[in-house]
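Contents: one structure, followed by commentary.
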Amino acid sequence: MKPKIVGNLKKGLIFIISAPAGTGKTTLVNLLKNEFSNVVRSISFTTRKPRPNERDGQDYFFISEDEFKNKIKQKDFLEWAEVFGEYYGTSRSHVEKLQMEGKHVALVIDTQGAEKLRKMIDACSIFLFPPNMHELQYRLHSRKSESEEMIQKRLSWAKKEMEKAKGYDYYIINDDLDVAYQVLKSILISEEHKVRGKTIPFLEKITNGQT
Ligand code: ADP
Ligand code: 5GP
């Protein structure tokens with residue numbers, strides 16, 4: 001498949017987005033998707049059970065542990081990790097196809113997956129912080145999607161996740177949603193205009209009289 005040129009790019013970009021659960025990853029990525037039709041969120045595979053409001057193929061592809069392990073063997077995953085005792089993985093073919101279609105792909109993944117990916121591929125990584133732990137706890141409760149036990153597990157894990165933020169390209173504090181969104185949007189636009197390597201696709205087009 002011939003890659004579709006997006007402005008100054010040869011294919012869509014990859015944005016890795018990580019944050020402690022409840023910080024606002026889903027909310028911010030949805031805002032970006034609504035404003036930019038060339039932004040898509042990669043749908044991961046997981047062995048976790050769907051939450052009441054989640055749909056298979058829309059939020060995740062929900063599969064069994066055997067199916068997941070088979071996919072690991074088949075090298076179907078660009079990266080995968082075990083989080084809170086469940087497996088999560090990003091489909092290699094799904095992401096590559098979207099990039100070739102000229103889409104920017106948002107990978108909402110944990111810090112273990114992000115660390116592996118940053119070594120393997122060219123991606124822009126963004127870490128989101130909650131304004132404080134009290135607000136994070138409030139957001140996790142207000143989402144009403146998990147048991148108290150799971151909320152406490154996620155809060156204690158949050159501190160470990162935040163220590164990994166140092167390896168990322170950008171950080172955003174999601175206090176006021178509008179402000180956080182403006183920062184996220186600015187990163188997207190800046191990354192689209194970055195000069196990468198020695199070629200500038202737009203320069204080739206303009207000098208060849210194609211534009
Ligand atoms: P994540 O995907 O990181 O787990 P969500 O996007 O599901 O987090 O957000 C968790 C909860 O916090 C949701 O109820 C969401 O509406 C709320 N939320 C997200 N961002 C903000 C914000 N800046 N201020 C207040 N509430 C927020
Ligand atoms: P949740 O169960 O709240 O949907 O996700 C739990 C954690 O798994 C979050 O930090 C989320 O970003 C991460 N996650 C979701 N999909 C993937 C994936 O494909 N790979 C990795 N490494 N982490 C993922």
Side-chain angles (χ1 to χ4, degrees), residues 14-34 40-63 68 71-72 76-95 98 105-121 123 125-147 149-151 153-162 164-165 167-168 172-184:
I14 292 186
F15 290 88
I16 296 173
I17 300 172
S18 305
T23 301
K25 301 179 289 288
T26 311
T27 308
L28 281 162
V29 170
N30 283 343
L31 288 173
L32 204 62
K33 275 172 50 191
N34 290 346
V40 285
R41 177 183 173 160
S42 160
I43 303 166
S44 296
F45 285 82
T46 185
T47 58
R48 152 165 98 58
K49 297 280 164 285
R51 297 183 186 130
N53 58 338
E54 289 181 327
R55 299 278 163 272
D56 188 43
Q58 194 177 311
D59 300 282
Y60 282 105
F61 292 107
F62 296 97
I63 59 173
F68 198 99
K71 281 184 164 293
I72 297 176
D76 283 353
F77 294 125
L78 196 53
E79 64 74 38
W80 64 272
E82 195 183 335
V83 189
F84 307 120
E86 300 289 354
Y87 291 103
Y88 295 82
T90 306
S91 159
R92 184 190 304 278
S93 57
H94 173 60
V95 171
L98 290 169
V105 191
L107 304 182
V108 182
I109 61 175
D110 85 317
T111 53
Q112 305 169 72
E115 209 168 335
K116 285 184 213 159
L117 269 190
R118 278 199 307 262
K119 289 182 193 144
M120 287 161 49
I121 56 166
S125 55
I126 306 166
F127 194 92
L128 307 178
F129 284 99
N132 53 60
M133 294 307 287
H134 183 75
E135 175 66 16
L136 183 64
Q137 185 165 8
Y138 172 78
R139 288 184 195 169
L140 275 173
H141 279 113
S142 69
R143 203 167 62 171
K144 295 194 178 82
S145 58
E146 273 135 319
S147 64
E149 189 198 346
M150 189 45 99
I151 290 179
K153 238 189 206 176
R154 284 176 184 257
L155 282 170
S156 66
W157 185 247
K159 292 181 185 156
K160 292 194 187 92
E161 287 270 287
M162 288 190 287
K164 303 272 175 63
Y168 284 65
I172 304 175
I173 300 166
N174 183 21
D175 189 354
D176 180 294
L177 186 60
D178 286 342
V179 173
Y181 178 60
Q182 290 309 316
V183 179
L184 179 61

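Ligands are counted one by one from 1 in listed order, and the atoms in each one are counted from 1 as well.
Ranking the protein heavy atoms by distance from atom 6 (C) of ligand 2 puts Y88 OH, 3.6 Å first. Remark: minimum distance from atom 7 (C) of ligand 2 to any protein heavy atom is reached at V83 CG1, 3.9 Å. In terms of protein heavy atoms, atom 11 (C) of ligand 2 is closest to V108 O, 4.0 Å. For atom 19 (O) of ligand 2, the closest non-hydrogen atom on the protein side is S44 OG, 2.7 Å. Among protein heavy atoms, atom 23 (N) of ligand 2 sits closest to D110 N, 3.1 Å.
Under a 4.0 angstrom heavy-atom cut-off, A21 registers as lying outside contact with ligand 2. Within the 4.0 Å heavy-atom shell around ligand 2 one finds R154. Put simply, part of R48 is less than 4.0 Å from ligand 2, judged by heavy atoms. The closest approach between any non-hydrogen atom of Y60 and ligand 2 is below 4.0 Å. At a 4.0 Å cut-off, at least one heavy atom of R51 sits close enough to ligand 2 to count as contact.
Across A165 and F129, no two heavy atoms sit closer than the pair CB-CZ, 3.5 Å. For G113 against E79, the heavy-atom pair with the smallest separation is CA-OE1, 3.2 Å. The nearest pair of heavy atoms linking P131 to I173 is CA-CG2, 4.1 Å. Among all heavy-atom pairs drawn from I43 and H94, the shortest one is N-NE2, 3.3 Å.
Of all atoms in ligand 2, numbered sequentially from 1 with element shown, those under 4.0 Å from a heavy atom of G113 are 22 (N). Each of the following atoms of ligand 2 lies closer than 4.0 Å to a heavy atom of A81: 22 (N). Within ligand 2, counting atoms from 1 as listed, the ones closer than 4.0 Å to a heavy atom of G89 are 18 (C), 19 (O).
Checked against R48 for a salt bridge (Lys or Arg N to Asp or Glu O under 4.0 Å), the options E86, E54, E82 give a single hit: E54. Screening I17, L28, L136, L140 against T23 for a side chain to side chain contact (heavy atoms under 4.5 Å, CB included) leaves a single residue, L136.
For ligand 2, one of its N or O atoms has an N or O atom of T90 under 3.5 Å away.
A donor-acceptor contact shorter than 3.5 Å links the side chain of K25 to the backbone of A19. A donor-acceptor pair under 3.5 Å links the side-chain atoms of K116 to the main chain of W80, judged by distance alone. One N or O on the side chain of S18 and one on the backbone of I109 form a donor-acceptor pair closer than 3.5 Å. Of the possible donor and acceptor atoms, one in the side chain of T46 sits under 3.5 Å from a partner among the backbone N and O of Y87.
Residue-level proximity to ligand 2 for F45 is absent, since no heavy atom of it falls below 4.0 angstrom. If you look at E79 next to ligand 2, the close heavy atoms, those under 4.0 Å, all belong to the side chain. Under 4.0 Å from ligand 2, not a single heavy atom of K116 appears.
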- Check the pair F15 / L107 against side-chain contact (heavy atoms from CB on, under 4.5 Å), numbers first and verdict last. CA-CA 6 Å; F15 290 88; L107 304 182; over 6 Å; no
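Within the cation-pi definition used here (under 6.0 Å to the ring centroid, within 45° of the axis), R118 qualifies as a partner of Y168. Geometric assessment of K153 against the ring of F84 yields a negative cation-pi assignment under the 6.0 Å and 45° thresholds.
At a threshold of 4.5 Å between non-hydrogen side-chain atoms, the residues V108 and T26 do not count as touching.
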Distances for all N or O pairs of ligand 1 and the protein under 3.5 Å?
unit_1	atom_1	unit_2	atom_2	d
ligand 1	2 (O)	T26	N	3.0
ligand 1	2 (O)	T26	OG1	2.5
ligand 1	3 (O)	T23	N	3.4
ligand 1	3 (O)	G24	N	2.9
ligand 1	3 (O)	K25	N	2.8
ligand 1	3 (O)	K25	NZ	3.2
ligand 1	4 (O)	G22	N	2.8
ligand 1	4 (O)	R143	NH1	2.5
ligand 1	6 (O)	T26	N	3.4
ligand 1	6 (O)	T27	N	2.9
ligand 1	6 (O)	T27	OG1	2.5
ligand 1	7 (O)	R143	NH1	3.4
ligand 1	8 (O)	G24	N	3.1
ligand 1	20 (N)	N174	ND2	3.1
ligand 1	23 (N)	N174	OD1	2.8
ligand 1	23 (N)	D175	O	2.9
ligand 1	23 (N)	L177	N	3.4
ligand 1	24 (N)	R139	NH2	3.2

